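One structure below.
Here the structure is a predicted model, which is why all the values come from computation and not from measurement.
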Amino acid sequence: EILVSKARKQPYLDFVFAEREEEGRLSLEFKNVRGAINRVLDRLVRAEKWAAEKAEANPEQFETRRNQLLDLWRPFQKRFAQLRETALEQALGFEEGRRRLRWAYDTVQRMRVVHGIPPRRKPLLERLFNTEND
C-alpha cells in the first residue's frame with residue numbers, strides 16, 4: 001500500500017485523467033477510420049457484384065466493360081485492404097497501451113492519501129497559565 005499526501009497524488013491523477021480523455025478520443029478515431037475503410041470496401045464489393053450480374057445477363061455487352069472496371073478497382077481494393085490491416089495492427093498496439101493505462105489508473109487509485117498531521121496541542125499547564133501576552 002502506498003501512502004502519499006494529497007498534493008503528491010494530484011499530479012498522478014491529473015496525468016491519468018488527461019490520458020484517459022486522450023484514450024477516448026483515439027478510440028473514437030480508430031472506430032471512425034475502420035468504419036470508413038470497411039464502407040469503401042463494401043461499396044467496391046457491391047459494385048463488383050452488380051457488374052458481375054450485368055455481365056451474366058448480357059455477356060456480349062458487359063463482359064469487356066466489367067473487366068475494365070475490375071482492372072480499375074483492384075488497386076483500390078488492395079490499398080484499402082492494406083489500410084484495414086494497418087489500422088488493425090495499430091488498434092492492437094493501442095489496446096496494449098490502454099491496458100497499461102488501466103494498470104496506472106488502478107495503481108494511482110490504490111494510493112492512500114495521508115492527511116496532514118494536526119498541530120501539536122500545548123500542554124494543559126501552558127494553556128491554563130498563558131504566559132504570552134496576546
Side-chain angles (χ1 to χ4, degrees):
E1 187 172 329
I2 302 171
L3 301 174
V4 295
S5 68
K6 185 175 182 178
R8 284 239 169 151
K9 185 177 178 178
Q10 193 60 44
Y12 295 113
L13 285 174
D14 293 342
F15 171 77
V16 169
F17 291 142
E19 291 302 313
R20 287 186 73 173
E21 286 179 21
E22 184 69 12
E23 171 198 7
R25 188 189 66 75
L26 286 174
S27 178
L28 186 61
E29 287 292 323
F30 273 121
K31 185 178 178 181
N32 290 339
V33 166
R34 288 193 325 249
I37 290 171
N38 287 334
R39 271 192 304 279
V40 168
L41 288 173
D42 288 343
R43 287 177 181 172
L44 288 174
V45 167
R46 280 190 307 205
E48 187 174 336
K49 284 181 183 178
W50 178 82
E53 289 172 2
K54 293 295 182 183
E56 286 177 12
N58 297 318
E60 61 279 351
Q61 292 178 342
F62 290 106
E63 188 64 35
T64 57
R65 185 67 180 146
R66 182 187 139 229
N67 290 337
Q68 291 171 349
L69 290 173
L70 290 178
D71 290 341
L72 289 173
W73 291 340
R74 292 287 180 227
F76 291 112
Q77 283 180 322
K78 287 179 183 177
R79 180 64 182 142
F80 279 102
Q82 289 172 347
L83 288 173
R84 182 171 52 186
E85 290 298 318
T86 303
L88 181 62
E89 289 174 11
Q90 289 176 348
L92 291 175
F94 176 71
E95 284 300 319
E96 175 65 24
R98 202 179 222 183
R99 188 185 61 77
R100 289 181 184 172
L101 181 61
R102 283 190 199 117
W103 175 83
Y105 177 75
D106 291 341
T107 302
V108 169
Q109 290 299 324
R110 282 193 308 265
M111 287 180 180
R112 307 263 315 202
V113 174
V114 177
H115 298 288
I117 299 171
R120 187 178 74 80
R121 291 183 67 182
K122 293 181 183 179
L124 179 63
L125 289 175
E126 282 184 31
R127 284 185 281 151
L128 287 175
F129 302 106
N130 188 3
T131 57
E132 298 174 5
N133 293 330
D134 292 322

Q. Looking at side-chain heavy atoms only, is the closest gap between Gln68 and Arg65 below 4.5 Å?
A. yes
(Q) Using the rule given for salt bridge (charged side-chain N to carboxylate O under 4.0 Å, His left out), can you reason through Lys49 versus Glu53, listing the C-alpha separation, both sets of side-chain angles and the distance that settles it, and then say yes or no? (A) CA-CA 6 Å; Lys49 284 181 183 178; Glu53 289 172 2; over 6 Å; no
Q: List in chain and number order the residues that pass side chain to side chain contact (heavy atoms under 4.5 Å, CB included) with Leu124, two or more places apart in sequence or in another chain; answer none if no residue qualifies.
A: Arg127, Leu128
Q: Can you sort out the partners of Arg121 under salt bridge (charged side-chain N to carboxylate O under 4.0 Å, His left out), two or more places apart, ordered by chain and number?
A: none
Q) Can you name the salt bridge (charged side-chain N to carboxylate O under 4.0 Å, His left out) partners of Glu60, sequence neighbours left out? A) none
(Q) Nearest 0.5 Å, please: how far is CG in Leu44 from CZ in Arg39? (A) 13.0 Å
Q: Treating Ile, Leu, Val, Met, Phe, Trp and Tyr as nodes and any side-chain heavy-atom pair under 4.5 angstrom as an edge, say whether Leu83 and Val40 lie in one connected cluster.
A: yes
Q: Not counting sequence neighbours, which residues clear salt bridge (charged side-chain N to carboxylate O under 4.0 Å, His left out) with Glu29? List them please.
A: none
Side-chain donor-acceptor distances from residues 107-114 under 3.5 Å, at least two apart:
unit_1, atom_1, unit_2, atom_2, d
Thr107, OG1, Trp103, O, 2.9
Arg112, NE, Glu1, OE2, 3.3

Q: Calculate, to the nearest 0.5 Å, the distance between atoms CD and CD belonging to Glu56 and Glu63 respectively.
A: 9.0 Å
Q.
Is there a continuous path of hydrophobic side-chain contacts, each under 4.5 Å between heavy atoms, that joins Val4 to Val16?
A. yes
Q.
Can you list everything that forms a salt bridge (charged side-chain N to carboxylate O under 4.0 Å, His left out) with Arg74? Sequence neighbours excluded, please.
A. Glu48
Q) Considering residues at least two apart in sequence or located in another chain, which fulfil the side chain to side chain donor-acceptor pair (under 3.5 Å) criterion with Ser27? A) Arg98
Q.
Which heavy atom of Arg66 sits nearest to which heavy atom of Ala55, and what is that distance?
A. CD-CB, 3.6 Å
Q. Out of curiosity, Leu72 CG to Asn67 CG, how far, rounded to the nearest 0.5 Å?
A. 11.0 Å
**Q.** Summary of ring pair (Phe, Tyr, Trp, His ring centres under 6.0 Å) pairs that have at least one residue in residues 36-87, sequence neighbours excluded
**A.** none
Q. Can you tell me how far CG of Asp42 sits from CD1 of Ile37, rounded to the nearest 0.5 angstrom?
A. 12.0 Å
Q. Apart from Phe30 itself, what residues make up its hydrophobic cluster when side-chain heavy atoms of I, L, V, M, F, W and Y under 4.5 Å apart count as a link, directly or indirectly?
A. Leu26, Phe94
Q) Glu89: what forms a side chain to side chain contact (heavy atoms under 4.5 Å, CB included) with it, not counting sequence neighbours? A) none
Q: Using the ring pair (Phe, Tyr, Trp, His ring centres under 6.0 Å) rule, collect all pairs that involve residues 1-27, keeping only residues at least two apart or in two chains.
A: none
Q. Got a sec, which pairs hit salt bridge (Lys or Arg N to Asp or Glu O under 4.0 Å) with one end in residues 3-22, sequence neighbours left out?
A. Glu22-Arg25
